[in-house]
Amino acid sequence: MKRLSSWTMLMGAVLVLPGLLSAEERVLTVATWGGAYEASQREAYFQPFTEQTGIEVRTVLYNGGLQVLRDHLASGNVEWDVIDMIQSDASAACEEGLLETISPSILAPAPDGTPPEEDFMGGAINPCYITQIVFSTVIAYDDRAFPGIKPRNVADFFDLETFPGKRALRRAPVGMLEWALLSLSVPREQLYDLLSTRRGLELAFRRLDEIRDEIVWWTGGDESVELLTSGKVTMATGYNGRFFDAQVKEGVPISVIWDGQLIGFNSWAIPRGTDQAAMAEQFIGFATRTEHMAAQANRISYGPTRRSARQRIGLHVETRVPMRPHMPTAPEHMANAVIRDHRWYSQTVRLREQWFREWLERNDEALSDDSQ
């Protein structure tokens, strides 16, 4: 059942005026990630879309994962028209039948006429989603906390003796397992093969045991930045664009460790059951045009998945800082990058969640025992 606002229901009970009902219908709800990322979307996509079409874009906060989407659809009141998903989540959601199909005909060619199939990176155009940006999950540290020797690599995140202090980690089995193994000198080419075994998972969680007492959990993308900039932690994992925003726009003294950066992709998708699928496709077609993807890349350091948009990356629109050196795909950042294995992620959702939950419970029990 499609949502109805209380205002509309009240008006409908009294008198339905065609003009008013039309205005209510021309609202698109987008589930996205908030903070600096959403601000860049608002300027690059949402506002221009409204100006061109008259369709208002409203947003709801979404912090990733499938369960929240399952719960939303199970409610029977589908209010989300578009959702901005990690590619592995979108792939898993597609397999579960949680997403509408998207016609590739909505995608515009590049300004020089290059067809979208040749302009987008491989694998970006999918029956259930359109991959739009390249982002990275990285480790950052507070420069003030380490005035002498600076952390340089993933192993330093686990080195509490040389680099003491709290560590901020996302409360989800994403990235932490790869970093745990990287810190033990496991070659990045072997990470996902090893994590596909019980031995690999046990090895990763035993490594996390070593810093467990110093972990501060975050769930929303801005929380890790706030924990770091407020001095509550000395090192934090988080999204490179959020750290860039704090560094460049706010002047916060933090530094990013690109060693072991986990490169991922975000995709536009349409939740199954929305009654505004056509409007949602209209928005996705608009947002994935070359000029709009480039407009976002010049506001936050996430790379567009279209070649023609990448060619338009220049200076940050406010600070005039060159954007290319801050992109995850800058050549100097790629030496030890880990490309997130989206197939592995989509196929291990429940297994990872189960292991992570049991690990948290074991440690909670241990803490409880210690306190007795």
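Because only heavy atoms are used, hydrogens play no part in the values below, and waters and symmetry mates are left out as well, while side chains stay in. Because the structure is a prediction, the values reported are computed rather than measured.
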Notebook entry, point to check: Is the closest side-chain donor-acceptor distance between Arg207 and Ser183 under 3.5 Å?
Noted result: yes
Note to self: Could you see if Val349 belongs to whatever hydrophobic cluster contains Leu69? Use Ile, Leu, Val, Met, Phe, Trp, Tyr and a side-chain cutoff under 4.5 Å.
What the structure shows: no
Check: Could you walk me through whether Trp268 and Phe286 pass the ring-ring contact (aromatic ring centres under 6.0 Å, His included) check?
Finding: CA-CA 12 Å; Trp268 293 119; Phe286 180 90; over 10 Å; no
Next item on the list: In plain terms, say whether Glu38 and Arg42 are close enough for a salt bridge, that is, a side-chain N and a carboxylate O under 4.0 Å apart.
Entry: yes
Check: Atom CZ of Arg320 and atom CG of Leu315: how far apart are they, to the nearest 0.5 Å?
Finding: 4.5 Å
Check: Counting N and O atoms only, with roles assigned by atom type, does the side chain of Arg167 sit under 3.5 Å from a partner on the main chain of Phe157, one being a donor and the other an acceptor?
Finding: yes
Next item on the list: Output the distance between atom CD1 (Ile313) and atom CZ (Arg324), rounded to the nearest 0.5 Å.
Entry: 5.0 Å
Check: In Å and rounded to the nearest 0.5 Å, what is the OH to CD1 distance from Tyr345 to Ile86?
Finding: 9.5 Å
Check: Which of these passes side chain to side chain contact (heavy atoms under 4.5 Å, CB included) with Met85: Tyr62, Tyr129, Phe265?
Finding: Tyr62
Next item on the list: Test Tyr239 against every option in Phe244, Trp218, Tyr37 by the ring pair (Phe, Tyr, Trp, His ring centres under 6.0 Å) rule and name the one that passes.
Entry: Trp218
Item checked: Polar side chain donor-acceptor pair, Gln47 to Glu43, under 3.5 angstrom -> no
Next item on the list: Could you verify whether a donor N or O on one side chain and an acceptor N or O on the other, from Gln296 and Tyr45, lie under 3.5 Å apart?
Entry: yes
Next item on the list: Not counting sequence neighbours, list each pair that qualifies as a disulfide (SG to SG under 2.5 Å) and has a residue in residues 156-191.
Entry: none
Notebook entry, point to check: Aromatic ring centroids of Trp217 and Phe356 under 6.0 Å?
Noted result: yes
Item checked: Glu281 side, atom CD; Asp81 side, atom CG - distance, nearest 0.5 Å -> 12.0 Å
Check: Just by distance, do the side chain of Asn240 and the backbone of Ser136 share a donor-acceptor pair under 3.5 Å?
Finding: yes
Next item on the list: Establish, from distance only, whether the side-chain atoms of Gln87 and Asn126 form a donor-acceptor pair under 3.5 Å.
Entry: no
